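Take a look at the structure below.
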Amino acid sequence: MSASRLDTQLAAELADIAAAGLTRRRRVLDSPAGRIARVDGQEVLNFASNDYLGLAGNADIAQALADGALRWGAGSGASHLVSGHLTPHDQLENEIAAFTGFERALTFSTGYLANLAVTPTLAGRGDAVFADKLNHASLIDAMQLAKANGAEVQRYPHNDVAALERQLAASNAARKVIVTDAVFSMDGDLAPLPLIFALAERYDAWLVIDDAHGFGVLGLHGEGSLAHFNLPASPRILLMGTLGKAAGVGGAFVAGSATAIDYLLNKGRSYIFTTAAPPAIACALSKSLHIIRNGDALRANLMARIAQLREGLAGKPLLPSATAIQPYIVGDNEAAVTLSKALWERGLWVPAIRPPTVPKGTARLRISVSAAHTAGDIDHLISALKELA
Ligand SMILES: *Cc1c(COP(=O)(O)O)cnc(C)c1O
């Protein structure tokens, strides 16, 4: 087969994707991530990022990054276990452990890698994984890796605790691992963590929680979803949090008991076989963590903007979310894209999310609210949506 024939096959598949109205494209930002994005010379209000506290463009964090690079250099030089674990990485781990209340934490370059390190390391032959059907793609990939390692995998209907209990009760797996998002990334709703934790206790299971969208936002001082529900830092919980969303920088952590973390450090392939993030990233994250801990005013502003949006769009097809993720259901793929384009033309960047990212027939606008938004920004979005929809 000639090389051009290989390309022709891909082009045909791309044409199918285009015919289904599912072509993906990127927009180039000519500005820092923040409340306002400059794209193609135009300024738009940004409701498209996960920068929930407005920290991605924070000057103090950028300064910590620059200072960190001058003090520690640009690169870590190796994986953590070889020679790439520097003082800023170690300090950040300790700060995250103290903040989340767990004995220990490990940091990763991305949340995707962090999730790949947990489930397939805990669950192999003779074990079973129980996963919510709406879990994030990275958790699904982690589950598939566990399956490749010989684990049995079961998915339960979204937030269906009774179904989860039936699956747990029927299982005689040696090790049981429940895996769930804490805040679901396309719906914005919370997992019923107290009920799931009670099941983990009753059936002696591990509980892996992905708090990508809760960390920094929920809990008394941004500790995340466990604090929101007043749940303990139990040794049966492994808590993953990402550091590129509310924390505004990049990377992720997994927190847990000292033993569980030591186990991941020894056996987690996506921890072991990758170069440690640049140490300056850890310096920036220490600064970000400090701002999050002292960020009650940011969180109060975020919550006020969320309440304002929901009140202004009462009666419209917003999913019942109390978090920064506010999905506006359109249904049809083309209609969602058309609405997103019309908003764009009014200077409002609200992405349309289509299958396969969300179930068929539930294409939506994914409105991300940030502490950086003003009341006027939210009013602008409300009146545009009322006019267009
Ligand atoms: C974004 C996200 C991840 C991946 O984190 P990255 O740091 O972006 O790789 C994992 N889980 C959930 C629920 C997410 O939203």
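Just follow the structure's listing: the first ligand is 1, and inside any ligand the first atom is 1. All values derive from a computational prediction rather than experimental measurement. Heavy-atom basis, side chains included; hydrogens, waters and symmetry copies ignored.
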(message) Give me the residue, atom name and distance of the protein heavy atom closest to atom 4 (C) of ligand 1.
(response) Tyr112 N, 3.7 Å
(message) Between the side chains of Glu387 and Arg346, is the shortest nitrogen-to-carboxylate-oxygen separation below 4.0 Å, so that they form an ion pair?
(response) yes
(request) Report yes if some N/O of Ser185 lies less than 3.5 Å from some N/O of ligand 1; otherwise report no. (result) no
(message) Is a donor from one side chain sitting under 3.5 angstrom from an acceptor on the other, for Thr374 and Asp377?
(response) yes
(request) Please say which of Phe102, Phe108, Phe215, Phe99 ends up in a ring pair (Phe, Tyr, Trp, His ring centres under 6.0 Å) with Phe253. (result) Phe215
(request) Output the list of atoms in ligand 1 that are nearer than 4.0 Å to some heavy atom of Asn115, sorted by atom number. (result) 10 (C), 11 (N)
(message) Below 4.0 Å, non-hydrogen atoms only: which portion of Asn50 touches ligand 1? Side chain, backbone, both or neither.
(response) neither
(request) Mind checking whether Ala212 contacts ligand 1 via backbone (N, CA, C, O), side chain (CB onward), both or neither, at a 4.0 Å heavy-atom cut-off? (result) side chain
(message) Heavy atom to atom 11 (N) of ligand 1, shortest distance: which of Asp210, Ile325, Val183 holds it?
(response) Asp210
(message) Which residue is it: Leu239, Leu218, Thr323, Leu231? I am looking for the one with a side-chain contact (heavy atoms from CB on, under 4.5 Å) to Ser225.
(response) Leu218
(message) Just to be sure I'm reading this right: ignoring hydrogens, which of Gly244, Gly111, Ser138 gets closest to atom 10 (C) of ligand 1? Compare them by their nearest heavy atoms.
(response) Ser138
(request) Any atoms of ligand 1 less than 4.0 Å from a non-hydrogen atom of Thr110? List them with their elements. (result) 7 (O), 9 (O)
(message) Counting only nitrogen or oxygen atoms and a 3.5 angstrom limit, does His213 reach ligand 1?
(response) yes
(message) Could you identify the single nearest non-hydrogen protein atom to atom 2 (C) of ligand 1 and state the distance to 0.1 Å?
(response) Lys245 NZ, 2.3 Å
(request) Show your reasoning for whether salt bridge (Lys or Arg N to Asp or Glu O under 4.0 Å) applies to Asp132 and Arg155. (result) CA-CA 6 Å; Asp132 189 290; Arg155 299 180 75 183; over 6 Å; no
(request) May I have the step-by-step check of side chain to side chain contact (heavy atoms under 4.5 Å, CB included) for Leu29 and Arg38, ending in yes or no? (result) CA-CA 6 Å; Leu29 268 79; Arg38 192 166 48 248; over 6 Å; no
(message) According to ring pair (Phe, Tyr, Trp, His ring centres under 6.0 Å), does anything in residues 284-316 pair up with another residue at least two apart or in another chain? List the pairs.
(response) none
